Amino acid sequence: MSVKRLALVVLAAVGALAATTSPAFALSATADTTWMTNGKVFALARSGNTLYVGGKYAQQVSPDGLTKIKVKSLGRYDATTGDAIPGWAPKITEAGKAGTVNALAVSGDGSVLYVGGNFDAVDGVAVTNFAAVSTADGSLIPGFQHKFTTAVHVILWTPTDIYVGGAFQKVDAVPTSRLAAIDSTTGNIDPAWAPAANNTVRSMALATDGTTMFIGGIFTTMNGVSRQSVARVSRTTGALDAWAIPAGTIAAPQTAWALLPTANRLYGGFGKGPNYAAAFRLDNGTTGSQVWRFNTVGNVESLAMSNDGTRLFMGGHFGTAVLQQTVCGQPLHGLMSVNPATGGAYCDWFPAITPFGSNYKGAWTMLSTGTKLYVGGLIDAINGVTHVGLARFPL
């Protein structure tokens, strides 16, 4: 038996053994009938009843495919009905064509949308990989346009700062190490916050203590100190926090694609060598011991939690790329959910994303409104029904 085949069998067995829990509430694996895109979706952000959708696409498309709204990689939708909202579409471009939006965040008052990715203009105005636009009319907000040399992958808004992470090593020609903070009021780069990752940052999330934040990526050090893929830093200074996942728990090379903290646990979606979702302790002093791990055959790139905290949704390209996996006797194709306390798979929700076989994006991003779960990525259909780029499930 080949090593790859053996690994697949082992992973499938692990999934089967973990599938021992009963769901707290039953779900339908059938997606709602909502508007879509005509391309890939990489970022979702919500403010009130408005859902902002970023990626690499040129149209918002009605469920029947007959009505299309021209956009350039960024559009908005009604979060309740799932319908596209026309009349607001800042054009995100690169070399005159649709650029790529990797990250979105909305200000607390809902008036500003922060956009990150790979692009060189917004509505024809030169900006580089980061922009702030008005949610009222889509116009650029003066004072927030900074030149990030390479891709922005994640944006996190707080009342004092907008935190930005990615692959960049300069901002406005000033050297930095893949992380930066922008003053939420003035738009200036905040020099007081200066953590340094030695490789690309992919995820960020605020801790529930309000004073620290988690950073994830493919790095091996933060501020020159060993931190494999996940680090905790001060919100105000970027100083490294003493909390750490024990050395050797995460084997290099590894990317933390998604992070989701609660008061007692940090959940992470990982993928590079082995691929998995895992939970780590936040209630054990400075030691982030692993609580559970659920192995997959492709990256876990997105996470979302149900409102009652009893179901952790996982999205990625597990089962949509080359390797296949069976859980609960069902094929796994990019979406599933587990018990956040134990990591045991719930056997009632396995929406199947296509294409699969060579889809290395899968379910790239998730957002829960409490009653609906939005999923974006490289999606053509779910359970055989057309849902291009964007889909929504009832909760």
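Side chains included, hydrogens not; waters and symmetry mates left out as well; all remaining heavy atoms used. Residue numbers start at 1 and run along the sequence shown. None of the values given here were measured: they were computed from a predicted structure.
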Asks: Do Ser234 and Trp193 make a side-chain contact, defined as non-hydrogen atoms from C-beta onward lying under 4.5 Å apart?
Replies: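 They are not in side-chain contact.
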Asks: Going from OG on Ser229 to CZ on Phe270, what distance comes out if it is rounded to the nearest 0.5 angstrom?
Replies: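 It comes to 6.5 Å.
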Asks: Has Thr365 got a side-chain atom pairing as donor or acceptor with Ala43's backbone, closer than 3.5 angstrom?
Replies: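 No; judged by distance alone, with no hydrogens or angles, the pair does not exist.
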Asks: Side chains of Ser134 and Asp137: donor-acceptor distance under 3.5 Å anywhere?
Replies: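 Yes.
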Asks: If you take all heavy atoms of Pro246 and Gly288, which pair is closest and at what distance?
Replies: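 Nearest heavy atoms, Pro246 then Gly288: CD-O, 3.4 Å.
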Asks: Checking side-chain polar atoms at under 3.5 Å, does Thr212 have a donor or acceptor matched by the opposite partner on Asp209?
Replies: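 Yes - a donor-acceptor pair under 3.5 Å links their side chains.
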Asks: Hydrophobic clusters join Ile, Leu, Val, Met, Phe, Trp and Tyr when side-chain heavy atoms are under 4.5 Å apart, directly or via other members; which others share one with Val385?
Replies: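 Via sub-4.5 Å side-chain contacts, Val385 links to none.
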Asks: Do Ile215 and Val230 have side chains that get closer than 4.5 Å, going by heavy atoms?
Replies: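 No, side chains not in contact.
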Asks: Is Val300 close to Trp257 at the side-chain level, that is, under 4.5 Å between some pair of heavy atoms?
Replies: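 No, their side chains stay 4.5 Å or more apart.
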Asks: Is any side-chain heavy atom of Leu179 closer than 4.5 Å to a side-chain heavy atom of Met222?
Replies: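 Touching, per the 4.5 Å side-chain cut-off.
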Asks: Of the non-hydrogen atoms in Phe144 and Ile162, which two are nearest, and what is the gap between them?
Replies: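 The answer is CE2-CD1, 3.9 Å.
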Asks: Output yes when a side-chain donor or acceptor of His317 lies under 3.5 Å from a complementary backbone atom of Tyr360, and no otherwise.
Replies: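 Yes; at least one donor-acceptor contact below 3.5 Å.
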Asks: What verdict does the salt bridge (Lys or Arg N to Asp or Glu O under 4.0 Å) test give for Asp348 and Arg311, after you've listed the backbone C-alpha separation in whole Å, the side-chain angles of each residue and the deciding distance to 0.1 Å?
Replies: CA-CA 12 Å; Asp348 63 336; Arg311 190 185 291 255; 3.0 Å; yes
Asks: Can you list every ring-ring contact (aromatic ring centres under 6.0 Å, His included) pair that touches residues 366-395, not counting sequence neighbours?
Replies: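 The answer is Trp349-Phe393.
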Asks: If you define the side chain from C-beta out and look only at heavy atoms, does anything of Val127 sit under 4.5 Å from Phe119?
Replies: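 Yes, close enough: below the 4.5 Å cut-off.
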Asks: Do the ring centers of Phe130 and Phe148 come within less than 6.0 Å of each other?
Replies: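 Aromatic pair counts; centres sit under 6.0 Å.
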Asks: Show me the donor-acceptor pairs, under 3.5 Å and distance only, between side chains in residues 67-75 and residues at least two apart or in other chains.
Replies:
{"from": "Ser73", "atom 1": "OG", "to": "Gly55", "atom 2": "O", "distance (Å)": "3.4"}
{"from": "Ser73", "atom 1": "OG", "to": "Gly99", "atom 2": "O", "distance (Å)": "2.6"}

Asks: So Val106 and Trp157, do their side chains get closer than 4.5 Å, heavy atoms only?
Replies: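 Trp157 does not reach Val106 side chain to side chain.
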Asks: Could you go through the side-chain hydrogen bond (donor to acceptor under 3.5 Å, both in side chains) check for Asp109 and Ser107 one step at a time?
Replies: CA-CA 6 Å; Asp109 63 3; Ser107 62; 2.8 Å; yes
Asks: For Arg265, which residues count as a salt bridge (Lys or Arg N to Asp or Glu O under 4.0 Å) partner, sequence neighbours excluded?
Replies: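 Listed in chain order: Asp283.
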Asks: Restricting to non-hydrogen atoms, name the atom on Leu260 and the atom on Met305 that form the minimum distance, rounded to 0.1 Å.
Replies: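 Nearest heavy atoms, Leu260 then Met305: CD1-N, 3.8 Å.
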Asks: State, to 0.1 Å, how close Thr262 and Thr208 come at their nearest heavy-atom pair, and which atoms those are.
Replies: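 Nearest pair, atom of Thr262 first, then Thr208: C-CG2, 3.8 Å.
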Asks: Going by ring-ring contact (aromatic ring centres under 6.0 Å, His included), name the pairs with one or both residues in residues 57-103, residues two or more places apart or in two chains.
Replies: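 Qualifying pairs: Tyr52-Trp88.
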Asks: Which atoms form the tightest heavy-atom contact between Gln290 and Thr249, and what is the distance?
Replies: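 Distance-wise, the nearest heavy atoms are OE1-CG2, 3.7 Å.
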Asks: Please confirm whether the backbone N or O of Ala256 pairs with a side-chain atom of Ser203, one donor and one acceptor, at under 3.5 Å?
Replies: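 Confirmed, Ser203 side chain pairs with Ala256 backbone.
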Asks: Can you measure from NZ (Lys56) to CG (Leu378) and round to the nearest 0.5 angstrom?
Replies: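 If I round to the nearest 0.5 Å, the distance is 13.5 Å.
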Asks: Taking the side chain from Asn359 and the backbone from Lys361, do they hold a donor-acceptor pair closer than 3.5 Å?
Replies: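 Indeed, once roles are kept as given, a pair shorter than 3.5 Å links the two residues.
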Asks: Nearest 0.5 Å please: distance from the OG1 atom of Thr200 over to the NE2 atom of His153.
Replies: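 It is 5.5 Å, given to the nearest 0.5 Å.
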Asks: In Å and rounded to the nearest 0.5 Å, what is the CE to CG distance from Met36 to Asp380?
Replies: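 Output value for this atom pair is 10.5 Å.
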Asks: Spell out, as yes or no, whether a donor-acceptor pair under 3.5 Å connects the side chain of Thr176 to the backbone of Gln169.
Replies: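 Side chain of Thr176 to backbone of Gln169: no pair is present.
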Asks: Looking only at side-chain N and O atoms, does Asn102 offer a donor or acceptor that is under 3.5 Å from a partner on Asn118?
Replies: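 Distance-only check passes for Asn118 and Asn102.
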Asks: Any side-chain heavy-atom pair from Asp241 and Val233 closer than 4.5 angstrom?
Replies: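 Side chain of Asp241 against side chain of Val233, heavy atoms only: no contact under 4.5 Å found.
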Asks: Would you check if the side chain of Ser306 reaches a backbone N or O of Thr310 as a donor-acceptor pair within less than 3.5 Å?
Replies: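 Here the side-chain-to-backbone pair exists.
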Asks: Would you call Phe294 and Phe318 a side-chain contact if the rule is heavy atoms closer than 4.5 Å?
Replies: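 The answer is no, as the side chains (C-beta and beyond) never meet within the 4.5 Å cut-off.
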Asks: Do Arg392 side-chain atoms and Thr80 backbone N/O form a donor-acceptor pair below 3.5 Å?
Replies: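 Yes: the side chain of Arg392 pairs with the backbone of Thr80.
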Asks: Distance-only, no hydrogens or angles: does the Asn49 side chain make a donor-acceptor pair with backbone N or O of Asp78 under 3.5 Å?
Replies: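 Between the backbone of Asp78 and the side chain of Asn49 there is no qualifying donor-acceptor contact (under 3.5 Å).
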Asks: Ring centres of His333 and Phe356 under 6.0 Å apart?
Replies: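 Here the rings of Phe356 and His333 have centres that are less than 6.0 Å from each other.
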Asks: First locate atom OG of Ser184, then atom OH of Tyr114, and finally report the distance between them rounded to the nearest 0.5 Å.
Replies: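 Reported value, rounded in 0.5 Å steps: 5.5 Å.
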Asks: From the options Asp183, Asp190, Ile189, select the one residue that forms a side-chain contact (heavy atoms from CB on, under 4.5 Å) with Thr186.
Replies: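 The side-chain contact (heavy atoms from CB on, under 4.5 Å) with Thr186 is passed solely by Asp183 among Asp183, Asp190, Ile189.
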Asks: For the residue pair Leu303 and Gly268, what are the closest heavy atoms and their distance?
Replies: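 Closest pair (atom of Leu303, atom of Gly268, distance): CD1-C, 3.7 Å.
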Asks: Can you find a side-chain donor-acceptor pair between Thr287 and Ser289 that sits under 3.5 Å?
Replies: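 On atom types as modelled, these side chains do not qualify, holding no pair under 3.5 Å.
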Asks: If only atom types and distance count, is the side chain of Asn223 paired as donor or acceptor with the main-chain N or O of Gly238 below 3.5 Å?
Replies: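 Yes, the answer is positive, given that a donor and an acceptor are paired below the 3.5 Å cut-off.
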Asks: Would you say that more than 12 heavy atoms from the other residues, nucleotides or ligands in this model lie under 6.0 Å from the NZ of Lys372, or not?
Replies: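 Yes, because the 6.0 Å sphere around NZ of Lys372 holds more than 12 heavy atoms from other groups.
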Asks: Working to the nearest 0.5 angstrom, can you tell me the gap between Thr37 OG1 and Gln59 CD?
Replies: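 CD of Gln59 is found 9.5 Å from OG1 of Thr37.
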Asks: Scan for ring-ring contact (aromatic ring centres under 6.0 Å, His included) pairs involving residues 211-254, sequence neighbours excluded, and state none if there are none.
Replies: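 Listed by first then second residue: Phe214-Trp243.
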Asks: Please confirm whether the backbone N or O of Lys147 pairs with a side-chain atom of Thr128, one donor and one acceptor, at under 3.5 Å?
Replies: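 Checked: no pair found.
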Asks: I would like to know whether Asn198 and Thr220 meet side-chain hydrogen bond (donor to acceptor under 3.5 Å, both in side chains); could you show each step before the answer?
Replies: CA-CA 7 Å; Asn198 72 334; Thr220 58; 2.8 Å; yes
